[in-house]
Amino acid sequence: MSSKTVREMIEENKSSKTNFRGVTEKVMPKFLLLCAIISVLTTFGIVFTLIFETFNFFSKVSFLEFITSPDWYPMHSNASFGIRPLILGTLTIAAIAILVALPLGLAAAIFLSEYASDRMRRIVKPVLEVLAGVPTIVYGFFALTFVTPLLQNIIPGLSIYNALSPGIVVGVMIIPMIASLSEDAMSAVPNAIREGAYAMGATKFEVAIKVVFPAALSGIIASIVLAISRAIGETMIVTVAGGANPTSAIDITNAIQTMTAYIVQISLGDAGYGTTAYYSIYAVGMTLFVFTLIMNLAAYFISRKFREVY
Amino acid sequence: MQMINNEKVKKRILRRLASNKFFKWLFIAATGLALLTLAVLLIRIVTQGASSLDWNFMTSFASRRAEDAGIKSAFVGTIWLMVVTAPIAFTLGVGTAIYLEEYAKKGKFTSLIQMNIANLAGVPSIVFGLLGLTIFVRELGLGRSVLAGGLTMSLLILPIIVVASQEAIRAVPGHLREGSFAMGATKWQTIIRIVIPSALPGILTGNILALSRAVGETAPLIMIGALTYIAFLPENLMSQFTVMPIQIFNWTGRPQEAFQAVAAAGIIVLMIMLIIMNSIAVYIRNKFTKRY
Amino acid sequence: MTSPTKEETVFNVENLNLWYGNTHALKNINMDIARNQVTAIIGPSGCGKSTFIKTLNRMVEMVPSVNISGTINYHGQGIFESKYMVEELRTRVGMVFQKPNPFPKSIYENVAYGPRIHGIKKKQDLDAIVEKSLKGAAIWDEVKDRLDENAYGLSGGQQQRICIARCLAIEPDVILMDEPTSALDPISTLKVEELVRELKKDYTIVIVTHNMQQAARISDRTAFFLNGEVIEMSDTDKLFSTPEDKRTEDYITGRFG
């Protein structure tokens, strides 16, 4: 060791380093703040992009037509831009999806939280979550080449592109969302509450349904709202298997078109830059964004409320 | 007088136990059905695609004929996209997480950022595509390039990374920070030498999972105009490109039956890549979980 | 230089008051802490003794909503003065915590942490510092063959001595110890106590303890805290044999606390 003491070395370094250290100390928080601000800017970017281009769209098409016209014929020579068919198509998919995902997801959540052993839960939960990690294009392929032919055996009149098949598959995709988040909410219910009920002679099922489920309700509702929001925003499954038929006469055995599928259709090159159809994807995107934003905010506040309960 | 009729209670108990059992099996069946679907999906795709999956498939470009079609340009494009996306998303995401956990004071602004991130996580990916198309492709003039795609994907996965990193940072016990501060370390020294290394496994796991989300995404890249048919490899950040999900989408849309097998083969490659990424993430999480 | 007759004051605390939000945790504390002595702080739980020593290196400021008035002079300089850098203070005033808190790094890196953050990079310097510090903390023989192993593999008592070595590595002037043996078994406790007696030759030590025997065994001076006030402070022998205040007597004879 050099003859200097540690103290002397530290003092020496300090006089030469202070500036550099001081600068890092001041600059880093600012840089990190900048990172955080970029996430906010992203939201602003989305909102302003949508508003700005939607405004362009409404300079060509009246807002009244957008919300009241029953027809969506963007490429027609006599074009009509009524959003209703796309919204109906989207909601149809979301409704079928939630009909599939709600019972299965909640049942899985109750099973995992109340019945399964620790070991079982540690295996099943991640496997279930794999369902949420499968790319949506894979689900789309599965819907078109497996689920649709399967359904055609049962429902002879089912067309190749239809609402039913992608609806079911979207449902499968959001099962883990409901199952996982609801399970979290139910596991967070303190055991003391369960023990109180067991001590009265309640069965497991009664405890799950009458005690745990109500106690975790806000968390469960938040998970369902998020799942619906996800179903509404889902794109590839409905693009691949749902068809491109914007219609207000919804028939789940026939082709439909969702908002998301329409945006894909246009950006695949059916409409040139600057045309009304081009701007219409922003108006549709805006509608989609508002739908999901409301649901996400609702889920955020519902689940925050639920955290305060215990 | 006895308020409770023991006979009745006994009978009711039998009924209650029966329904308890019934519902237990119903819940198991529902969970099993969900898992079964996953199994069917995987088996189906493997059986459909295995015959088309060979070395030729990996080394050939897209083609009009199913038997010649390969995934080379899409595979390389996906790698390019990852290489562009990962550092940007990592820097922004981990930076935001550090800011929120270590520097931000509790207040309106902080909760605004926090709420904003929760919301961004729920914005449909296609809307990110609209953002990328407008800002990166058109306004910034990046065109339909790998760079535009990577930037769009970075923003898309940003919220996932922020949330995962925040959790990892929050899990670092306060007494480690105290130990460092008590040595006369500055805040940044404590963060970079103690907090981040301790949180790193969690941060890396979150980043890899987020990146695997980007690898599987299709819609936003269709929006920004990643091409569905290209027979060349990207050369630099401004090159045009395609990725595996888009190539699969393209094959899925072909009317010929033979292309379905090709699509399935593409899916197998994509899924293997995702499985590898997820395995690495799980490995890191299990291996480096710290005892404090 | 310290003369045997006149004690040099390291810390001089004047009219120190501290609030956590609305809770008045330290009330009008006045105290001198002398060089190369062990000063023990005793008192029942929640009396403010931990808060007090964390004020000496300003670690207490990490608690949000803390408010401090009064002055603490460290070698004649006010530590709350705005130009006084808190990092500077903490390099001179080291701290050992209640629960051993080694970093999740190797034993070597734990001890080298302080020198490194203060800019010492040369491998040979660091090697020498690590060895000297570990010897100083009486743990060198136990760990010299496994310096690269994670410090978490050690027992609680060993971890605590690693923390002491970590503290010694930057050659502080004062070592604050916040109930350093409360999480340890009796044998480890004994080792740490021996170490404290050893360290006092070179360092000024302030130790918080809830164990009165420990205070009596190792300290030169003892301060008795109650409800945020210093009830009595004097030489340890005197405080334990002939306390002046009734409350001190009640406490040390085990009538409360």
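The analysis underlying the following values was restricted to heavy atoms, covering all of them including side chains, and did not include hydrogens, waters or symmetry mates. Naming: A, B, ... by sequence-line order, numbering from 1 per chain.
With a threshold of 4.5 angstrom between heavy atoms, T145(A) approaches chain B through its backbone and through its side chain. Within the 4.5 angstrom heavy-atom criterion, only side-chain atoms of S229(A), from C-beta onward, approach chain B. Contact of E53(A) with chain B is made through the side chain alone, with heavy-atom distances under 4.5 Å. Within the 4.5 angstrom heavy-atom criterion, no atom of A121(B) approaches chain A. For V264(A), the parts lying under 4.5 angstrom from a heavy atom of chain B are both the backbone and the side chain. Heavy atoms of L293(A) lying under 4.5 Å from chain B belong to its backbone as well as its side chain.
With rounding to the nearest 0.5 Å, the separation of CD1 in I175(A) from CG in L33(B) is 7.0 Å.
Along residues 31-40 of chain A, the residues that come nearer than 4.5 angstrom to chain B, judged on non-hydrogen atoms, are F31(A), L32(A), L33(A), C35(A), A36(A), I37(A), I38(A), S39(A), V40(A) in order of number.
The closest donor-acceptor contact from the side chain of N296(A) to the backbone of G122(B) lies under 3.5 Å.
Taking T252(B) as the reference, nothing meets the side-chain hydrogen bond (donor to acceptor under 3.5 Å, both in side chains) condition, with sequence neighbours excluded. Residues forming a side-chain hydrogen bond (donor to acceptor under 3.5 Å, both in side chains) with T239(A) (at least two apart in sequence, or on another chain): none.
Ring-plane geometry between Y115(A) and F27(B) is classed as tilted, the angle between the planes lying from 30 to 60 degrees on a 0 to 90 degree scale.
Counting heavy atoms from C-beta outward, Y282(A) and T134(B) have side chains that approach closer than 4.5 Å.
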Could you list the donor-acceptor pairs under 3.5 angstrom formed by side chains in residues 214-225 of chain B, with sequence neighbours left out?
from	atom 1	to	atom 2	distance (Å)
E217(B)	OE1	S125(B)	OG	3.3
E217(B)	OE2	R213(B)	NE	3.3
E217(B)	OE2	R213(B)	NH2	3.2

